[in-house]
Participant: 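Sharing a structure with you now.
Values below: all heavy atoms of this structure, side chains included; hydrogens, waters and symmetry mates excluded. It should be emphasised that the depicted structure is a prediction, and the values quoted were computed from it without experimental measurement. Proteins get letters first, then strands, A, B, ... in listed order; numbering begins at 1 in each.
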There are 2 protein chains.
Amino acid sequence: MDTSLTDRDTDAGLRIRSAAVLLFARQGYAATSIRDLARAVNLTNAGIYHHVSSKEALLADLMRAGHRGLIDATARLLDGVQQPSDRLALLIASLTAIHARSPLTTRVMDGELRSLTPGSTAHDEIIALRDEYEDHWRRALADGAGQGVFRVADQKLSRLALMSMCTGTSEWYRPDGDSSLEQVCAEFVAIGLAAVRAPARPTASADLSLLPDFPWEPPDA
Amino acid sequence: MDTSLTDRDTDAGLRIRSAAVLLFARQGYAATSIRDLARAVNLTNAGIYHHVSSKEALLADLMRAGHRGLIDATARLLDGVQQPSDRLALLIASLTAIHARSPLTTRVMDGELRSLTPGSTAHDEIIALRDEYEDHWRRALADGAGQGVFRVADQKLSRLALMSMCTGTSEWYRPDGDSSLEQVCAEFVAIGLAAVRAPARPTASADLSLLPDFPWEPPDA
DNA sequence: GGGGGCCTACCGAACGTTCGGTTGCGTTGA
DNA sequence: TCAACGCAACCGAACGTTCGGTAGGCCCCC
């Protein structure tokens with residue numbers, strides 16, 4: 001008897017997104033053809049267009065949903081947290097964790113902006129979402145510097161350095177590798193707080209269960 | 001009267017490389033056609049093939065020369081430098097500086113490995129060159145940890161974090177931006193040494209004139 | 001006069017996308 | 001109860017365009 005949750009992966013739309021994020025992350029958007037995608041989900045190239053209006057719209061959908069998930073999760077995580085060093089620690093841990101847990105989606109989010117037609121609605125929208133996310137970092141660093149708890153030569157410089165460190169995780173992290181996700185996050189938080197000369201780090205660690213689990217992120221590497 | 005250095009940019013090979021690195025960095029290798037490249041250097045697509053054996057060979061050439069330049073410059077910079085913290089500082093400053101000064105070439109080097117046919121001679125060669133470069137980092141961190149001057153939870157983790165910080169520079173640095181190249185390098189060195197808990201940083205700063213100037217790197221942004 | 005440098009013209013293949021058609025399931029009306 | 005209908009899901013074939021690459025010839029300079 002079948003006790004499982006019905007037809008989980010019969011939803012073609014989800015399977016297409018899943019294959020798309022895998023191929024876009026591995027080969028890049030431009031090097032991935034609709035036929036590649038169709039083969040991966042056992043459809044013909046024409047069949048894809050029943051579920052997707054265009055190749056670029058598919059990319060835009062993935063990027064939009066990814067950014068919204070990140071922004072929402074970040075807002076939930078930071079909710080009520082006051083100390084700038086706590087906020088920065090949460091930002092570092094969560095950005096690192098999402099890049100480790102959803103490396104394919106984040107690689108597409110971080111690297112395929114240039115594949116959206118410049119000036120298109122989708123392109124502008126993704127830029128706005130990215131800015132909205134980065135504002136969390138800007139505010140945390142500005143608050144910390146304003147309160148004198150961070151001593152930092154250049155807020156923008158520090159932010160870019162730390163964000164690069166976190167986003168780079170999607171390029172090398174493997175769940176079965178040498179370090180656990182918790183170790184990576186802890187180490188990166190330590191580096192980040194040292195970078196802004198924050199005094200000994202305190203209090204709560206990030207509740208990673210608040211992070212989004214993108215339903216289309218393939219489970220494998 | 002023309003007092004300039006003769007026919008600098010009449011060398012078609014160089015102009016092609018210059019345009020290629022610009023287009024590959026901006027649009028990606030897969031999204032750049034031979035015809036795009038030809039238009040950029042005022043040739044026809046067929047004319048390109050008089051100077052280049054294939055599109056992929058052109059990419060491989062750029063990546064190979066870029067990596068060799070980086071490796072050679074790093075060896076020169078580190079020559080005779082003993083202290084692990086000095087070596088690490090030089091590695092951080094030089095990797096940051098080359099990504100700031102040659103953002104297009106480094107973006108291609110860092111991001112287009114996947115565009116080389118897997119298993120091809122060129123692909124394997126570039127991987128070997130990248131490993132050869134990273135060994136400089138591995139040795140510096142191992143030496144520092146071995147001598148007890150670095151206190152670091154995980155050498156690989158620290159290396160990846162710091163290298164991501166440095167390579168990220170090519171994505172945002174602008175010569176006319178808020179911070180000078182020297183400021184960026186100094187700040188990143190400070191962050192890096194704090195990351196490995198090195199005691200107060202000492203001695204020589206990097207002689208950036210030892211870094212390679214890729215002749216094909218376009219001067220503009 | 002011969003070769004480097006570049007052209008016009010073209011090839012076969014692959015591209016994103018569209019179109020007309022078929023299948024099969026769920027709902028409806030008599 | 002069952003024919004009739006609607007519609008989501010998909011396919012095979014083709015559209016026009018662009019792709020990486022090639023063949024052969026023209027021109028200019030040594």
Side-chain angles (χ1 to χ4, degrees), chain A residues 2 6-24 26-63 108 112 114-118 120-123 216, chain B residues 6-24 26-63 108 112 114-123 216:
Chain A
D2 190 343
T6 65
D7 52 344
R8 281 251 279 106
D9 63 353
T10 64
D11 179 7
L14 187 60
R15 290 175 58 231
I16 289 175
R17 282 162 183 253
S18 194
V21 88
L22 180 70
L23 293 173
F24 290 171
R26 277 195 185 159
Q27 326 173 0
Y29 171 82
T32 301
S33 70
I34 292 288
R35 285 164 178 84
D36 286 340
L37 187 53
R39 198 177 312 120
V41 295
N42 260 71
L43 285 178
T44 62
N45 54 334
I48 295 289
Y49 282 92
H50 184 75
H51 303 276
V52 150
S53 63
S54 78
K55 191 189 172 192
E56 184 164 348
L58 173 58
L59 174 62
D61 269 4
L62 285 170
M63 295 190 67
V108 172
E112 295 291 0
R114 65 177 173 196
S115 300
L116 295 176
T117 307
S120 67
T121 311
H123 184 262
W216 58 81
Chain B
T6 64
D7 51 344
R8 282 253 279 105
D9 64 352
T10 63
D11 178 10
L14 187 60
R15 289 174 59 229
I16 288 175
R17 281 162 184 254
S18 193
V21 89
L22 179 71
L23 293 173
F24 290 170
R26 277 196 185 158
Q27 327 173 358
Y29 171 82
T32 301
S33 70
I34 291 289
R35 285 165 177 83
D36 286 340
L37 188 52
R39 198 176 312 119
V41 296
N42 261 73
L43 286 179
T44 62
N45 58 328
I48 295 289
Y49 282 93
H50 185 75
H51 303 276
V52 151
S53 63
S54 79
K55 190 190 173 193
E56 185 165 346
L58 173 59
L59 174 62
D61 269 6
L62 285 170
M63 296 190 66
V108 172
E112 294 291 0
R114 66 177 172 197
S115 300
L116 294 176
T117 307
S120 66
T121 310
H123 184 262
W216 57 80

Participant: Just to verify, which of A/Leu58, A/Leu22, A/Leu43 counts as forming a side-chain contact (heavy atoms from CB on, under 4.5 Å) with A/Leu37?
Facilitator: A/Leu58
Participant: Between B/Trp216 and B/Val21, what is the shortest heavy-atom contact and its length?
Facilitator: O-CG1, 3.9 Å
Participant: For residues 39-60 of chain B, pull every pair meeting salt bridge (charged side-chain N to carboxylate O under 4.0 Å, His left out), keeping only residues two or more places apart or in separate chains.
Facilitator: B/Asp36-B/Arg39
Participant: Tell me every residue that passes side chain to side chain donor-acceptor pair (under 3.5 Å) with A/Ser115, counting only those two or more places apart in sequence or in another chain.
Facilitator: A/Glu112
Participant: Distance check, rounded to the nearest 0.5 Å: B/Ile16 atom CD1 versus B/Asp11 atom CG?
Facilitator: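 The distance works out to 9.0 Å.
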Participant: Please output the side-chain donor-acceptor pairs of residues 45-53 of chain B that fall under 3.5 Å, not counting sequence neighbours, one pair per line with the distance.
Facilitator:
none

Participant: What's the spacing between B/Thr121 OG1 and B/Leu116 CG if we round to 0.5 Å?
Facilitator: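 Answer rounded to 0.5 Å: 11.0 Å.
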Participant: Determine whether B/His123 and B/Thr117 make a side-chain contact, defined as any pair of heavy atoms from C-beta on separated by less than 4.5 Å.
Facilitator: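 Not touching, per the 4.5 Å side-chain cut-off.
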Participant: Which whole-number value in Å describes the distance from A/Leu59 CG to C/dG16 P?
Facilitator: 13 Å
Participant: Provide, to the nearest angstrom, the distance between the CG atom belonging to B/Asp11 and the P atom belonging to C/dC6.
Facilitator: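 It works out to 10 Å between those atoms.
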Participant: For nucleotides 8-11 of chain D, tabulate all protein N/O to nucleotide N/O atom pairs closer than 3.5 Å, reporting atom names and distance.
Facilitator:
residue	atom	partner	partner atom	Å
D/dA9	OP2	A/His50	NE2	3.3
D/dC10	OP2	A/His51	NE2	2.6
D/dC11	OP2	A/Thr44	N	2.8
D/dC11	OP2	A/Thr44	OG1	3.1

Participant: Hey, what do you get for OH (A/Tyr29) to CE (A/Met63), rounding to the nearest 0.5 Å?
Facilitator: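 Between atom OH of A/Tyr29 and atom CE of A/Met63 there are 11.0 Å.
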Participant: Taking five pairs at each end, how big is the angle between the two axes of the helix from C/dG1-D/dC30 to C/dA30-D/dT1, to 10°?
Facilitator: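 End-to-end axis angle: 10°.
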Participant: Could you pull out the closest heavy-atom pair between A/Arg17 and A/Asp61, with the gap in Å?
Facilitator: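 For A/Arg17 and A/Asp61, the tightest heavy-atom pair comes out as NH2-OD2, 3.4 Å.
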Participant: Does anything in residues 27-41 of chain A come within less than 4.0 Å of DNA chain D? Heavy atoms only, and list the residues if so.
Facilitator: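 Under 4.0 Å from DNA chain D: A/Arg35.
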Participant: Provide, to the nearest angstrom, the distance between the NZ atom belonging to B/Lys55 and the P atom belonging to D/dC19.
Facilitator: 9 Å
